[in-house]
**Student:** 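Attaching a single structure in structure tokens format; questions to follow.
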Protein chains: 2
Amino acid sequence: MAKSKFLNSTDAVNAIINEAIPLFAKAGFTGVSMRDIAQAVGISTASLYHHFPDKQTLYLRSIAQAFADKAQGISTVLAKKGTPEQRLTKFIARFTKLMSQDSHFRMLFQRELLDGDETRLRLLAEQVFQPQFVNVAKLAKELIPNGDAHLMVISISGLVLFHLETTPLRQFLQGGRAEHNDPDVIARHVTTLLLKGIKGCG
Amino acid sequence: MAKSKFLNSTDAVNAIINEAIPLFAKAGFTGVSMRDIAQAVGISTASLYHHFPDKQTLYLRSIAQAFADKAQGISTVLAKKGTPEQRLTKFIARFTKLMSQDSHFRMLFQRELLDGDETRLRLLAEQVFQPQFVNVAKLAKELIPNGDAHLMVISISGLVLFHLETTPLRQFLQGGRAEHNDPDVIARHVTTLLLKGIKGCG
DNA sequence: ATCTACCTATCAAACGTTAAATAGACAAAA
DNA sequence: TTTTGTCTATTTAACGTTTGATAGGTAGAT
């Protein structure tokens with residue numbers, strides 16, 4: 001019988017984190033026990049403590065990994081050529097697709113907005129969002145030179161993310177249809193709204 | 001010495017729920033123990049079980065109360081006179097103020113988006129949001145007759161709520177300033193963005 | 001022979017929940 | 001008026017379970 005389930009510690013750590021991320025995303029820090037994680041990985045609870053000193057560290061490593069994965073993805077989202085309007089359109093399409101692809105990052109992000117302390121939120125801001133935030137802010141300045149770029153980037157992100165956040169709720173609200181969960185539909189709606197506004201004069 | 005802390009059961013139930021709401025908002029269902037709630041109210045843990053059969057029921061009654069309080073507030077948010085643009089402006093201003101006034105409703109709402117089952121989300125949609133959702137959807141139809149009113153109402157709500165949701169994070173992102181947390185500043189930004197769009201042709 | 005990854009077994013604390021008892025309120029019976 | 005009995009809000013104490021965490025041992029690789 002095989003004694004070691006993984007060839008080396010790194011593989012075990014990665015396997016644990018990969019199992020922990022969806023669990024923490026779905027139930028939150030207090031909603032997941034070390035036994036839940038151990039069972040998902042297929043090892044004993046005590047083994048977890050061979051690789052991580054405590055639950056908090058395992059959680060922090062898990063969100064750091066989930067955020068690092070996404071930070072890499074976000075860095076390729078902003079197009080470099082075309083008019084500002086074209087680049088905004090492309091950004092929204094890619095950002096919407098990226099965020100809807102796996103819900104775990106988005107749920108962990110939402111949970112951190114609720115539960116994260118200053119240290120964790122600072123990490124999230126600086127390590128994950130900052131690089132592209134700056135680029136999108138520049139794009140916003142091109143589009144509205146006199147506007148507040150910070151507010152603008154938050155609004156653009158919020159438009160996309162709120163549609164995704166409310167997916168489980170919207171089916172119970174008037175006019176909710178399955179196609180509203182399609183990233184392309186969301187991206188097109190958001191882009192049109194931003195570019196033309198309500199007046200539709202664009 | 002007084003035996004009963006409250007004159008009657010109704011007072012006790014209300015006191016318990018009023019203490020439970022902020023606790024659940026801040027830490028979530030699994031993050032709050034019955035002992036935490038009992039201590040906040042100033043009674044014993046066993047007393048909680050005299051008024052509620054179990055923790056789940058106490059939680060459900062708490063969010064139902066928080067949502068009922070807010071549903072009443074929301075029903076007075078939509079103005080009845082003026083041009084569609086004026087009514088939209090007024091709605092955003094009132095909605096932003098209402099949502100920023102106490103964060104507990106907003107946090108419970110966010111948590112339900114993450115953790116709520118079908119039953120709870122249906123309750124939230126039908127009992128809290130539906131009435132005004134319909135009215136704002138009508139307003140959206142007046143503003144954009146050919147647009148998708150459902151998508152539009154979600155976008156308007158999302159623009160406001162995402163600014164509030166990200167309050168603890170935005171201070172770490174480029175250009176974040178304290179005034180961005182002012183409901184009036186948020187409402188003005190959102191209104192301008194919606195009415196004029198990025199092109200600013202309004 | 002040592003080291004590494006894992007196990008079983010266990011700990012103390014915290015958890016949701018319950019049982020049994022008590023002290024006051026209030027109304028009927030004396 | 002006093003006594004009695006019932007009801008309600010509350011208590012202390014404890015139940016069994018689950019939790020995060022640890023101790024000590026074992027099998028296989030180097």
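Naming: A, B, ... by sequence-line order, numbering from 1 per chain.
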**Student:** Please convert DNA chain D into dot-bracket. A pair counts if it is Watson-Crick or G-U wobble with both distances under 3.5 Å; crossing pairs go in [ ] and bases paired with another strand get |.
**Tutor:** ||||||||||||||||||||||||||||||

**Student:** For B/Val32, answer base if it contacts any base atom (sugar-phosphate contacts may also be present), sugar-phosphate if it contacts only those atoms, and nothing otherwise; contact means non-hydrogen atoms under 4.0 Å.
**Tutor:**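 The residue B/Val32 makes sugar-phosphate contact but no base contact.
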
**Student:** What residues form a side-chain contact (heavy atoms from CB on, under 4.5 Å) with B/Thr83, not counting sequence neighbours?
**Tutor:**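 B/Thr83 satisfies side-chain contact (heavy atoms from CB on, under 4.5 Å) with B/Glu85, B/Gln86 only.
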
**Student:** Report the C-alpha distance between A/Lys26 and B/Asp115 in whole Å, list the side-chain angles of each, state the deciding distance to 0.1 Å, and finish with yes or no for salt bridge (Lys or Arg N to Asp or Glu O under 4.0 Å).
**Tutor:** CA-CA 7 Å; A/Lys26 285 171 196 154; B/Asp115 300 328; over 6 Å; no

**Student:** What's the shortest heavy-atom distance between A/Thr166 and A/His163, and which atoms?
**Tutor:**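 Closest heavy-atom pair between A/Thr166 and A/His163: OG1-O, 3.4 Å.
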
**Student:** CZ of A/Phe29 versus C1' of D/dG20: gap in Å, rounded?
**Tutor:**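 Atom-to-atom, A/Phe29 to D/dG20, this comes out as 9 Å.
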
**Student:** Could you report the tightest heavy-atom contact between A/Glu112 and A/Leu121, atom names first, then the distance?
**Tutor:**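 That closest heavy-atom pairing would be O-CD2, 3.5 Å.
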
**Student:** Mind listing the residues from residues 46-61 of chain B sitting with a heavy atom below 4.0 Å of DNA chain C? Number order is fine.
**Tutor:**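 B/Ala46, B/Tyr49, B/Asp54, B/Lys55, in order of number.
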
**Student:** Could you go through A/His180 and A/His189, starting from their C-alpha distance and side-chain angles, then the distance that decides it, and tell me whether this counts as ring-ring contact (aromatic ring centres under 6.0 Å, His included)?
**Tutor:** CA-CA 10 Å; A/His180 292 150; A/His189 163 79; 8.5 Å; no

**Student:** Atom CE of A/Met34 to atom P of C/dA12: distance rounded to whole Å?
**Tutor:**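 Distance, rounded to whole Å: 20 Å.
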
**Student:** Would you indicate what A/Val41 reaches in the nucleic acid, counting non-hydrogen atoms under 4.0 angstrom: base, sugar-phosphate, or nothing?
**Tutor:**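 Touches nothing.
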
**Student:** I want to know whether B/Phe133 and B/Phe129 have ring centres closer than 6.0 Å.
**Tutor:**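 No, the ring centres sit 6.0 Å or more apart.
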
**Student:** Using OP1 and OP2 only, check whether a side-chain N or O of B/Ser33 sits under 4.0 Å from C/dC15.
**Tutor:**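 So the side chain of B/Ser33 is within the cut-off, an N or O lying under 4.0 Å from OP1 or OP2 of C/dC15.
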
**Student:** Given atom CZ of A/Arg35 and atom C1' of C/dC7, what is their separation to the nearest angstrom?
**Tutor:**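 It works out to 14 Å between those atoms.
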
**Student:** What are the two closest heavy atoms between A/Phe172 and B/Glu118, and how far apart are they?
**Tutor:**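 The pair with the smallest heavy-atom distance is CZ-CG, 3.4 Å.
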
**Student:** Please verify the inter-ring angle class for B/Phe24 with B/Tyr59; under 30° counts as parallel, over 60° as perpendicular, anything in between as tilted.
**Tutor:**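 Taking B/Tyr59 first and then B/Phe24, their aromatic rings stand perpendicular (interplane angle over 60°).
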
